[in-house]
Amino acid sequence: MTDQELARRENLKKIRELGVEPFPYRFAFSHRAADVRLLGEGKQGDELKELGTFAVAGRVVAYRSSGKTAFLNIQDDHERLQVYLRRDDEVNEAGTTPGQGEAIWPVVKILDLGDFIGVRGRLMRTKTGELTLQAVGPEGFELLGKSVRPLPFPKVEETKDDTGKVVGRKTFQSSLFSDVEARYRQRYADLAVNPEVANVFRLRTAIIQEVRAYLLDHTFLEVETPTLQAVYGGASARPFVTHHNALDIPLYLRISNELYLKRLIAGGFDRVFEFVKDFRNEGIDRTHNPEFTQVEFYQAYADYNDMMVHFQAIWQRAAKAVLKLKARRSALSRGVSADGLAKEFAEIEAGQVPVVYQGRELTTFFKDWERLPVKTALKRKGVDIDASSDQDLKDLIKNNHWELDGVFSRGRAMMLAFEELCEPELWEPAFVMDHPLESTPLCKVHRNDPTLVERFEPAIAGMEVGNSYSELNDPIVQRRLLEEQVERGRGGEDETHPLDEDFLRAMEYGMPPMGGVGIGIDRMTMILTDQASIRDVLLFPLQKPE
RNA sequence: GAUUCGGUAGCUCAGUCGGUAGAGCAGCGGCCUUUUAAGCCGUGGGUCGAGGGUUCAAAUCCCUCCCGAGUCACCA
C-alpha cells in the first residue's frame with residue numbers, strides 16, 4: 001500500500017474514534033450543484049439569503065483550508081460548487097452564522113480529495129464574487145463516504161522554450177487524467193476527474209434517445225430478440241461461442257438481430273426496431289470493439305430508397321440535438337444570454353451550424369446526402385465496369401498491384417476497385433449504393449441491373465456507419481443464396497455458417513417487401529461527439545485483463 | 001499479424017556519455033477565520049512494466065516477454 005493509502009486509512013480510523021460514521025446510509029439533498037448555480041445566477045447578498053437553505057452532496061475535488069475555515073469544491077454529477085466551512089460562529093453586520101463547531105471540525109481538517117460529503121447552509125458570495133454554499137451549524141457538514149485511495153487528480157501543463165526544454169510548469173487540480181490505458185481500465189476514475197469525458201457519455205445517451213424518439217414518432221414498435229442464439233446469422237462474422245448446460249447445446253452470442261426482426265415482420269408487425277449489442281469475435285481497433293451497439297429497424301412495404309430518407313433524418317435529428325446540448329452547456333462560459341441561446345438553437349435547427357469531426361467540417365451534413373452508386377463512383381475514376389471485360393478488370397487489378405482475395409468475380413473486382421480508388425476520398429455523407437450481387441445473400445436484386453443488389457452503406461468522415469437493403473423476401477431465392485453461403489463456409493477453416501431453417505420457414509409463410517437498416521451507434525457517437533476512437537464512446541471498452 | 005511509439009513516486013513528467021533516482025502537484029507535521037493553481041516553514045515516499053544477459057557498475061546497452069496507443073493488414 002502506498003503512503004497515501006495508509007494515511008487515508010489512518011484518517012478513517014481517526015474519524016471513527018471521533019464518533020463519526022464515515023459511511024452513513026443517506027443524505028437528503030435538496031438541490032444539485034447545477035440547480036444551485038442557476039438559482040444563484042446574478043444574485044447578491046440578501047437576495048441569496050432569501051433563497052433559503054440548500055442541502056448539496058458531492059465529492060470533494062479541491063480543498064483549501066486556512067486554519068479554522070476551509071473552502072472546498074465539491075462535484076456532483078460533474079458540476080462543481082464551492083462550499084465554505086468554518087469552525088466558529090461568524091459574527092458580522094448581517095448577523096450571526098453558526099459555525100460547524102469543535103466537535104466536527106477535526107473531521108473537516110482530515111478530509112481527503114475524493115471524499116463524499118453533504119453540506120447544508122445558505123448561499124453567499126465571496127469577495128471575489130464566487131457563488132458559495134456556506135455550511136450553517138453542526139448539521140451543516142456531514143461525511144458521506146470516505147475515499148481511501150487517491151484519485152488521479154492533477155495535471156501538469158508545461159511551458160517549453162524554443163528548444164523544447166521545459167521552463168515552467170503549471171499545475172491544475174482536477175484536470176486531465178491522461179494515461180489512456182488507465183482511463184479505459186478505470187473509467188470510474190476517468191469520469192470522476194474528467195467532466196468532459198462524462199459529457200461524451202451524456203451525449204451518447206442523448207443520441208440514442210433521439211434515434212428512439214424518431215422511430216417511435218414514425219410508429220415503429222420497439223422489440224427485444226435473443227442475444228443467445230442456437231443458429232447465428234444476419235451478418236458475416238465470427239461469433240463468440242458459449243454452452244448451455246441444461247440443454248447441453250452450443251449457443252452463440254448474436255452477430256446480428258436481422259433475421260429475428262424479419263421474422264417479426266413475417267409475424268405481422270409492420271414496423272419494428274431494436275437497440276442491440278452485437279458480438280463479433282474479431283480484431284479491435286479505432287473503429288471496432290468486439291461488442292458494439294446497433295439499432296436495426298425494418299419497415300414493411302418499403303424499399304431501400306425509403307430507408308435512406310429515414311437514415312438521413314435520424315442522423316440530422318440526432319446531430320441537432322447534440323449541437324444544442326453542446327451550445328447550452330457552454331453558454332455560460334461563452335457569455336451567451338438566454339436570448340442568444342435561443343437564436344443559436346434556431347440556427348442549429350436551420351442546419352446552419354456545421355458538424356465538425358476531428359477539425360474538419362462536414363459541409364453537406366444538413367443537406368440531402370449524395371446517393372453514390374458504386375458504378376458511378378468508379379466511372380468518375382475512369383473505370384466503366386459495364387464496358388470492361390473480365391480481362392480488363394483483371395488487368396486493372398494487376399497493373400495497380402491490388403490483391404483480390406478469393407476467386408475472381410466481376411463483383412469482387414468492382415468492390416476492390418471501389419475500395420482502392422473511391423473509398424479513401426469519402427468524407428462528406430454519402431449513400432454508397434448498389435453493390436454487386438455477391439456482396440450479400442439477404443438483399444433483393446437491383447430492379448434495373450441484375451448484377452447488383454439494392455443495398456446502401458452510408459459513409460461519413462470515411463467511416464461506414466450503417467447498412468441497408470431492400471430486403472429479399474423470395475424464399476426460393478433466399479434458400480439458394482443461403483445454401484451457397486453454407487457451401488462457402490465449409491470451404492474455409494473456420495466453423496461452418498449454419499443454415500437457418502427456421503428463418504426460411506418464416507419467409508416461406510410469406511413476407512411483405514420491406515426495407516431494413518442497421519445504424520452503428522458507436523460510430524455515430526464518435527462522429528457527433530468528435531471522438532477519434534470507439535473506445536472514447538464506450539464506457540468500458542474491452543481491454544486485456546490486467 | 002507487421003510496424004512505430006510509450007510504460008520511472010498517487011498524478012503529470014524529466015533523467016545527458018552507463019557512475020548514489022529527480023521536479024511540480026498530491027501526501028505527512030506545523031502556521032494561517034474569504035480561499036479558488038491559496039500561501040509560508042519542515043518532511044517522507046521508487047520492484048524505473050517483467051525476466052534474462054553484457055559490465056566493476058544498467059532506468060540507460062542487448063535479448064525475450066507483458067500491457068497500452070498509433071499506422072498498415074485482416075474482418076464481404
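Within every chain, numbering begins at 1; the chains are lettered A, B, ... in the order of the sequence lines, protein sequences first and strands thereafter.
Residue A:Asp115 contributes atom CG, which lies 16 Å from atom P of B:A26 at whole-angstrom precision. Atom pair A:His288:NE2 and B:A73:C1' shows a separation of 13 Å (rounding to whole Å applied). Between A:Leu151 atom CG and B:C11 atom P the separation is 11 Å, expressed in whole Å. Regarding A:Leu72, its CG atom lies at a distance of 16 Å from the C1' atom of B:A26, rounded to whole Å. Atoms CG (A:Leu6) and C1' (B:C28) sit 12 Å apart, rounded to a whole Å. For the pair A:Glu282 CD and B:A76 C1', the computed distance is 11 Å after rounding to whole Å. The separation between A:Met1 atom CE and B:A9 atom P is 19 Å, rounded to whole Å. As rounded to whole Å, 14 Å separates atom C1' of B:C74 from atom CG of A:Asn281.
Minimum interatomic distance between A:Phe408 and A:Leu404 (heavy atoms only, all atoms of both residues): CA-CD2, 3.6 Å.
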Please produce a list of atom pairs where a protein N or O lies less than 3.5 Å from an N or O of nucleotides 30-34 of chain B.
unit_1, atom_1, unit_2, atom_2, d
B:C32, N3, A:Gly67, N, 3.3
B:C32, N4, A:Gly67, N, 3.2
B:U33, O2, A:Arg86, NE, 3.4
B:U33, O2, A:Arg86, NH1, 2.8
B:U33, O2, A:Arg86, NH2, 2.6
B:U33, N3, A:Arg86, NH2, 3.3
B:U33, O4, A:Asp88, OD2, 2.0
B:U34, O2', A:Lys127, NZ, 2.9
B:U34, O2, A:Lys127, N, 3.2

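Taking only side-chain atoms of A:Asn11, from C-beta outward, the nucleotide of B:C28, B:G70, B:C67 with the closest atom is B:C28. Comparing atom distances between the A:Asp285 side chain and each of B:C28, B:G68, B:A73 picks out B:A73 as nearest. Distance from the side chain of A:Gln543 is smallest to B:G68 among B:G68, B:C28, B:A76. Comparing B:U35, B:G68, B:G27 by their nearest atom to the side chain of A:Glu181 picks out B:G68. When the nucleotides B:G70, B:C75, B:G68 are ranked by their closest atom to the side chain of A:Val180, B:G68 comes out on top. Checked against B:U71, B:U35, B:A76, the side chain of A:Gln485 finds its nearest nucleotide in B:A76.
Across all strands shown, B:G1 forms a Watson-Crick or G-U wobble pair, both distances under 3.5 Å, with B:C72. Pairing for B:G27 goes to B:U43, judged as Watson-Crick or G-U wobble with the two contacts each under 3.5 Å. Within the shown strands, B:A50 is the pairing partner of B:U64 under the Watson-Crick or G-U definition, both distances less than 3.5 Å. Checking B:G19 for Watson-Crick or G-U wobble geometry (two distances, each under 3.5 Å) identifies B:C56 as its partner.
The line from CD of A:Glu457 to CD of A:Glu423 is 8.0 Å long, rounded to the nearest 0.5 Å. Taking CE from A:Met463 and CZ from A:Arg286, the interatomic distance works out to 6.0 Å, rounded to the nearest 0.5 Å.
One N or O donor and one acceptor, one from the side chain of A:Gln4 and one from the base of B:G10, sit under 3.5 Å apart. In this model, a side-chain donor or acceptor of A:Ser236 finds a partner on the base of B:A76 within 3.5 Å.
Spacing of C1' atoms, B:G49 relative to B:A38, comes out at 37 Å, to the nearest Å. The same atom, P, is picked in B:U8 and in B:G1; the two are 25 Å apart, to the nearest Å. With both ends at atom C1', the span from B:U55 to B:G18 equals 9 Å, rounded to whole Å. B:G46 sits 23 Å from B:C65 when the C1' atoms are compared, rounded to a whole Å. Separation of the C1' atoms belonging to B:U16 and B:A21 is 15 Å when rounded to the nearest angstrom. Here, B:U43 and B:G52 have their P atoms 38 Å apart, quoted to the whole Å. For B:U20 and B:A57, the C1' atoms lie 12 Å apart once the distance is rounded to whole Å. Taking the C1' atom of each, B:C11 and B:A26 are spaced 7 Å apart, rounded to whole Å.
When the nearest nucleotides of RNA chain B are assigned to A:Ala7 and A:Ser439 by heavy-atom distance, the more 5′-ward of the two goes with A:Ala7.
Checking side-chain atoms of A:Glu471 against main-chain N and O of A:Lys262 turns up no donor-acceptor pair under 3.5 Å. Side-chain atoms of A:Asn257 do not come within 3.5 Å of backbone N or O of A:Tyr260 as any donor-acceptor pair. Listed for the A:Arg410 side chain is a donor-acceptor partner under 3.5 Å among the backbone atoms of A:Ile385. Listed for the A:Arg86 side chain is a donor-acceptor partner under 3.5 Å among the backbone atoms of A:Asp89.
Checking the phosphate oxygens (OP1, OP2) of B:A76, no side-chain nitrogen or oxygen of A:Arg455 falls inside 4.0 Å. Side-chain nitrogen and oxygen atoms of A:Arg286 include none within less than 4.0 Å of the OP1 or OP2 phosphate oxygen of B:C72.
Each of A:Lys277, A:Arg204, A:Arg535 was checked for a salt bridge (Lys or Arg N to Asp or Glu O under 4.0 Å) with A:Asp522, and the lone residue meeting it is A:Arg204.
Using modelled atom types and a 3.5 Å distance limit, the side chains of A:Tyr232 and A:Asp500 yield no donor-acceptor pair. Between A:Ser147 and A:Arg8, the side chains place a donor N or O and an acceptor N or O closer than 3.5 Å (distance only, hydrogens not considered).
Here A:Asn73 lies out of heavy-atom contact (under 4.0 Å) with every strand. As judged by a 4.0 angstrom heavy-atom cut-off over every strand, A:Arg280 is placed among residues making no nucleic acid contact. Backbone-only contact: A:Thr2 has heavy atoms under 4.0 Å from sugar-phosphate atoms and none from a base. Within 4.0 Å (heavy atoms only), A:Arg8 reaches no atom of the nucleic acid at all. Base contact: A:Pro441 has a heavy atom under 4.0 Å from a base atom.
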